[in-house]
Amino acid sequence: MTEEADGRFLDLRHGPAEPRRQFNRTLRLRRLAKLEKMGLATEHAPGVWELNERMEPALRELGERGDIIGSMHKALKADGLERDPMTFQIHDAVPETPIAGRVVDKYLSDELGENLTVIVDGIDGRTHHISGIDPARVEDARIGSVLEIGPADTASRPSDRVIAAIAEDGIYRPSRHREQAKFEGRVPGGDYEGYVDAHVRRLEALRRAGIVERVDADQWRIPDNFESRAVGYDASRNRQASIRILSSFDLDQQIGSDGATWLDRRLVSGDASDLAPAGFGQQVREAIDQRREHHVERGDATRQREGRIFYRGNLLATLREREVARVGTELATSKGLPFRAAAEGESISGKFTGSVQLSSGKFAVVEKAYEFTLVPWRPVIDRQLGREVMGVMQGGSVSWQLGRQRGLSL
């Protein structure tokens, strides 16, 4: 019997006499019927079949998808969770809209260790499988941490907007920028040279990319579409997803924390429209209710007769200061140095010796010979570990002036 006319056609019209071969033919017909339902095979006449040219890659993709779903089930089960497979969402690229949720699992996707896969139990009621993440971007995210993953930020940098505003007739002059900065007096620490030099360094990077032209030491030619081209340059260098660690602590730890948690930020905003009434979204709703009761018990909130809740003024700042003071006191014992909290507008200086992860966020440890302090951490400071740093506390963050350049980080 001729069963194959070529690689894609099967002729199964004549059944074999031997029982074993007849059984195999029956199995093949059943498989072809299944492939037909999947759109991967076509029966042109009774017993005459054509296989879709994309059958092999399509089946391979289905197999890979099955493996992914299996790994998602396994990760959820290990965490004591059950989720409907219909809510599973597998992302082949960076999600177009931000996804917030709890980290269920994370593991390396390749042998080189350059890509990470993250499984996220989302507040939208779905479980997300996201590949191609830079491991360094989620280093602080543990199982149970809450993060947000979305498309890379395409907004223009503040420094680029300043350069475009300072430029006259397409020419940016550092000297004019320096004079204006001194006149306005808005540079923390008064380091006007470092401030302008930081913008010049940005222009130097854009010059190498062919976006701007250096005429001389005090003139840079800026194109009309400068900001949009600078955004495109940044996007081409950073194709990774935008990742924010919303909380390094799980919901249970946040409920009883003395710091300013992610639950607190959601509680104060009062918006729960993005929380699904199922899955992790429902768990967050319940955790917010428990966190609210915690504040009432601690005296940070009061319940009126009609059931309305009123929180103490500047709740988030108060909680953050309380946690920083507690952790600073604990660290003082191990360091043998007194702790001093940094005040708004204060100049910070000392050696950057490490960081601590609090419910209120990540904080940098800055030490002097006679005391140390804790200040909000920013990624740019990691390159200065073990070095002397300077900065100014401003708006709950720090404007760092780093290294020999002594310019603001942009």
Side-chain angles (χ1 to χ4, degrees), residues 65 68-106 117-130 133 138 141-151 241-257 259-298 300-311 315-316 319 359:
R65 182 179 176 84
I68 290 173
I69 291 175
S71 68
M72 294 172 74
H73 268 300
K74 183 178 180 180
L76 288 165
K77 186 176 181 180
D79 217 28
L81 300 174
E82 289 288 343
R83 295 288 184 263
D84 184 350
M86 295 298 292
T87 67
F88 289 3
Q89 192 161 356
I90 300 171
H91 301 269
D92 297 324
V94 175
E96 295 183 0
T97 56
I99 292 168
R102 176 183 181 277
V103 177
V104 177
D105 196 11
K106 64 173 187 175
T117 291
V118 181
I119 298 177
V120 178
D121 196 18
I123 62 174
D124 59 356
R126 296 177 175 273
T127 303
H128 301 268
H129 181 279
I130 309 166
I133 301 296
V138 289
R142 299 168 289 190
I143 304 302
S145 297
V146 183
L147 51 67
E148 181 183 79
I149 301 178
S242 170
I243 300 174
R244 289 196 304 142
I245 309 298
L246 302 176
S247 174
S248 292
F249 299 91
D250 62 28
L251 294 183
D252 288 340
Q253 291 172 307
Q254 291 183 57
I255 289 170
S257 171
T261 68
W262 174 65
L263 289 178
D264 292 318
R265 295 194 292 274
R266 293 210 58 111
L267 188 151
V268 169
S269 73
D271 182 16
S273 59
D274 58 344
L275 298 177
F280 186 64
Q282 180 59 30
Q283 288 181 311
V284 173
R285 289 174 182 269
E286 296 169 359
I288 288 175
D289 291 339
Q290 295 177 57
R291 180 63 171 170
R292 185 181 295 113
E293 292 302 316
H294 172 84
H295 288 320
V296 172
E297 293 172 4
R298 290 286 302 270
D300 290 321
T302 57
R303 180 181 284 107
Q304 303 298 311
R305 289 183 178 179
E306 62 273 18
R308 295 181 61 188
I309 303 292
F310 290 89
Y311 302 97
L315 175 66
L316 297 180
L319 294 173
S359 295

- Query: Is it true that the side chains of T261 and D264 contain a donor and an acceptor less than 3.5 Å apart?
  - Reply: yes
- Please confirm whether the backbone N or O of L263 pairs with a side-chain atom of Q254, one donor and one acceptor, at under 3.5 Å? yes
- Are the side chains of I123 and R266 in touch, meaning some heavy atoms are under 4.5 Å apart? yes
- Would the H128 and H91 ring centres measure less than 6.0 Å apart? yes
- Task: Check whether any side-chain heavy atom of D79 lies under 4.5 Å from a side-chain heavy atom of L76, and answer yes or no.
- Result: no
- Are any non-hydrogen side-chain atoms of H295 and L319 less than 4.5 angstrom apart? yes
- Going from CG on L316 to OH on Y311, what distance comes out if it is rounded to the nearest 0.5 angstrom? 11.0 Å
- Query: Which pair of non-hydrogen atoms, one from S145 and one from S248, has the smallest distance, and what is that distance?
  - Reply: OG-O, 3.0 Å
- Message: Using side-chain contact (heavy atoms from CB on, under 4.5 Å), reason through F310 and R303 one step at a time and then give a plain yes or no.
- Response: CA-CA 6 Å; F310 290 89; R303 180 181 284 107; over 6 Å; no
- Measure the spacing between CD1 of I309 and CZ of R292 and express it to the nearest 0.5 Å. 6.5 Å
- Item | Which atom of G281 lies closest to which atom of L275, heavy atoms considered | O-CB, 4.0 Å
- Query: Would you say I149 and P98 make side-chain contact, with heavy atoms under 4.5 Å?
  - Reply: no
- Separation of E148 CD from I245 CD1 (nearest 0.5 Å): 10.5 Å
- Task: Locate the shortest heavy-atom distance separating V118 from V120; write the atom from each residue and the value.
- Result: CG1-CG2, 3.5 Å
- Kindly compute the distance separating CG (D105) from NZ (K74), expressed to the nearest 0.5 Å. 9.0 Å
- Nearest heavy-atom approach of G125 to T87 is O-CB, 3.6 Å
- Sub-3.5 Å donor-acceptor pair from the side chain of K106 to the main-chain atoms of V138, do we have one? yes
- Residue of the set V146, L147, L267 for which side-chain contact (heavy atoms from CB on, under 4.5 Å) holds with W262: V146
- Message: For Q304, is the CD atom crowded, meaning more than 12 foreign heavy atoms sit under 6.0 Å from it?
- Response: yes
- Task: State, to 0.1 Å, how close P85 and H73 come at their nearest heavy-atom pair, and which atoms those are.
- Result: CG-NE2, 3.5 Å
- Is the shortest heavy-atom distance from the side chain of T127 to the side chain of I119 under 4.5 Å? yes
- Query: For R83 and D121, what are the C-alpha separation, side-chain angles and deciding distance, and is it a salt bridge (Lys or Arg N to Asp or Glu O under 4.0 Å)?
  - Reply: CA-CA 9 Å; R83 295 288 184 263; D121 196 18; 2.8 Å; yes
- L315 side chain reached by V268 side chain, heavy atoms, under 4.5 Å: yes
- Query: So which heavy atom on A141 is nearest to which on V103, and how close?
  - Reply: CB-CG2, 4.4 Å
- Find out whether I99 and I130 are in side-chain contact, i.e. whether some heavy atom of one side chain is under 4.5 Å from a heavy atom of the other. yes
- Item | Electrostatic pair R102:D250 at N-O distance under 4.0 angstrom | no
- Please walk me through it: do R265 and D271 pass salt bridge (Lys or Arg N to Asp or Glu O under 4.0 Å)? CA-CA 10 Å; R265 295 194 292 274; D271 182 16; over 6 Å; no
- When rounded to the nearest 0.5 angstrom, what is the spacing between CZ in F88 and NE2 in H129? 10.5 Å
- Message: Is any side-chain heavy atom of M72 closer than 4.5 Å to one of I68?
- Response: yes
- Task: Go through V104 and I143 one step at a time and tell me if the side-chain contact (heavy atoms from CB on, under 4.5 Å) criterion holds.
- Result: CA-CA 6 Å; V104 177; I143 304 302; 5.9 Å; no
- Item | Sidechain N-carboxylate O distance under 4.0 Å for E286, R291 | no
